2 protein chains.
Amino acid sequence: MALRHAVLAALLDGEYSGYQLAKAFDVGVANFWYAQPQQLYAELARLERDGLVAGRQVVQETRPNKRLFRVTDAGLAELEKFAAAASKPSFVRDDLLVKVQAVDHVGIGPVLEQLAERVRAAEARMELFGKLLRKMRGETPEEEFLRGGERIGPYLTCLRGLAFEQGNRDWCLRISAVLTERKGASEHR
Amino acid sequence: MALRHAVLAALLDGEYSGYQLAKAFDVGVANFWYAQPQQLYAELARLERDGLVAGRQVVQETRPNKRLFRVTDAGLAELEKFAAAASKPSFVRDDLLVKVQAVDHVGIGPVLEQLAERVRAAEARMELFGKLLRKMRGETPEEEFLRGGERIGPYLTCLRGLAFEQGNRDWCLRISAVLTERKGASEHR
DNA sequence: TATGATTAGTCAGTTTCTTGAGTATGGTGC
DNA sequence: GCACCATACTCAAGAAACTGACTAATCATA
């Protein structure tokens, strides 16, 4: 039951519709959790049923109507409880790592392609995170923002996202170099 | 269906029992995938049914009997196919990030404790990975091992695991410093 | 001589996540 | 003017993952 807390945490910044949340939790800004739209709508329904969020209908002229959600006091209390409980250790589950683990027994070519693709993806996300960070801190230098900013949670998680993608990119580049050299060497024989 | 490929990749290094795999996929050496024992036993049963792994009974005197599994040719072909297919992007799902995201609205104290705990866990895993790496490469220098080693897949994934835990530790330390300073500042008022 | 840890698994039940499709409207580009 | 994309959701089915309990033997520890 961590998706529910992720949704609560995301709603701390204001009111969002399911659709807006879905955007944030999808490819874009999912720097602290990931989920698909259907899951979010379902979770929002459960959260509302349990009184942890409150939704209100917003009638729109040019667009379909939407429901905006905010965290209730009960929701905040639930988050507080969650934050005080022990965290599960984080672990890795990554297709690409499985492929690299098997790389001595399968074709190197396709793996190299996917490493290159992953580098591109990581760099795109790094740029996105960089922009987000600048937007959040505005003109204030980072150190000062972190000392005195009102809302630094999203900034801190974004820093982790950025570092994670840097790690991804660096590793992919390193591995690519190693595998490329081995491929060359094996083809020379 | 990526657990099946993770199991196949893990079995490339030789024969393992469900129990041994469970150890590797649990807290210990899960540097490329994570799964619980029950899942592994179930997946091994499915893999055997589909002819991708073959198991053989080993009768033991002092211990319960066990079944050792190895990858079949069909299993290797399946892995090959998997390696050539596109990878899903990797994404983050981490309780602790959710808590940090919400840190402006919940108590800082518990979050700081958990960051410290995460640092300890990360350092323990870094040491484990360091030992594993040394064991895999033996006396050979890393560059040479990566150029000429027979089986480098596990070494490469272990490098990612190590870098990931370093990133974890560095981020936790940074965030802890920021939050500690803010906590001090708010208590002075 | 109990107690607990380790080896080696199995079974059942539930939650969570993913996949795929479907509804409806308005705006944008060619 | 027609196709396609964006907004804003909903429904259903199935796969994957998690939780917790249970068997059964040996070995180490207190």
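Every chain is numbered from 1, with letters handed out A, B, ... down the list of sequences. Keep in mind the model is a prediction, meaning the values are calculated, not measured.
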(message) Any N or O donor-acceptor pair under 3.5 Å from the base of D/dG20 to the side chain of B/Gln38?
(response) yes
(message) Measure CD/A/Gln57 against C1'/D/dC9 and give the value in whole Å, please.
(response) 11 Å
(message) Tell me whether A/Tyr41 contacts the main-chain N or O of A/Tyr19 through its side chain, where contact means a donor paired with an acceptor under 3.5 Å.
(response) yes
(request) Take the protein atom OH of A/Tyr41 and the nucleotide atom C1' of D/dT7, then report the distance between them rounded to whole Å. (result) 9 Å
(request) Find the distance A/Leu21:CG to D/dC9:P and express it as a whole number of Å. (result) 10 Å
(request) Give the rounded distance in Å between these two atoms: CZ of B/Phe25 and P of D/dA17. (result) 11 Å
(request) Would you kindly check if the NZ (Lys) or CZ (Arg) of B/Lys99 is within the cone defined by 45 degrees around the ring axis of A/Phe82 and under 6.0 Å from the six-membered ring centre? (result) yes
(request) Mind checking the CD-CZ spacing from A/Glu123 to A/Arg118? Nearest 0.5 Å is all I need. (result) 13.0 Å
(message) Distance under 4.0 Å to a non-hydrogen atom of chain B counts as contact; along DNA chain C, which nucleotides mark the start and end?
(response) C/dT6 to C/dT19
(request) Return the value, rounded to whole Å, for the distance between atom CG of A/Asn65 and atom P of D/dA8. (result) 10 Å
(request) Scan residues 5-18 of chain A against DNA chain D and write down, sorted by residue number, each residue with any heavy atom closer than 4.0 Å; if none is found, say none. (result) A/Ser17, A/Gly18
(request) Send over the distance from A/Gln39 CD to D/dC11 C1', rounded to a whole Å. (result) 15 Å
(request) Answer with yes or no after comparing the ring centroid distance for B/Tyr34 and B/Phe25 against a 6.0 Å cut-off, counting only values under it. (result) no
(message) Under 4.0 Å, heavy atoms only, any strand: does B/Arg4 hit a base, just the sugar-phosphate, or nothing?
(response) nothing
(request) Check whether any side-chain N or O of A/Glu78 sits under 3.5 Å from a backbone N or O of A/Leu8 as a donor-acceptor pair, and report yes or no. (result) no
(message) With side chain to side chain contact (heavy atoms under 4.5 Å, CB included) as the test, pick out the partner of B/Asp104 among A/Ile152, A/Leu156, A/Leu12, A/Asp13.
(response) A/Ile152
(message) Heavy atoms from C-beta onward define the side chain here; which of D/dC18, D/dT26, D/dA16 lies closest to that of B/Met1?
(response) D/dA16
(message) In this structure, would A/Leu173 and A/Leu112 fall into the same cluster of hydrophobic residues linked by side-chain contacts under 4.5 Å?
(response) no
(message) Rounded to whole Å, how long is the line connecting atom CZ of B/Arg63 with atom P of D/dC27?
(response) 6 Å
(message) Check the phosphate of D/dC9 against A/Tyr19, side-chain N and O only, distance under 4.0 Å to OP1 or OP2. Yes or no?
(response) no
(message) Rounded at 0.5 Å granularity, tell me how far CG in B/Leu159 sits from CD1 in A/Ile175.
(response) 6.0 Å
(message) Any salt bridge linking B/Glu48 with B/Arg56? Criterion: basic side-chain nitrogen under 4.0 Å from a carboxylate oxygen.
(response) no
(message) Heavy-atom nearest nucleotide on DNA chain C for A/Ala2 versus B/Gln20: which residue maps closer to 5'?
(response) B/Gln20
(request) Output yes when at least one side-chain N/O atom of A/Lys66 is less than 4.0 Å from OP1 or OP2 of D/dT10, else no. (result) no
(request) For A/Gln38, check side-chain hydrogen bond (donor to acceptor under 3.5 Å, both in side chains) against everything at least two apart and list the hits. (result) none
(message) Please classify the nucleic acid contact of A/Arg46 as base, sugar-phosphate, or nothing, using heavy-atom distances under 4.0 Å.
(response) nothing
(message) Rounded to whole Å, how long is the line connecting atom CG of A/Asp26 with atom P of D/dT7?
(response) 12 Å
(message) With nearest nucleotide decided by heavy atoms, which residue, A/Thr62 or A/Gln36, maps closer to the 5′ end of DNA chain C?
(response) A/Gln36
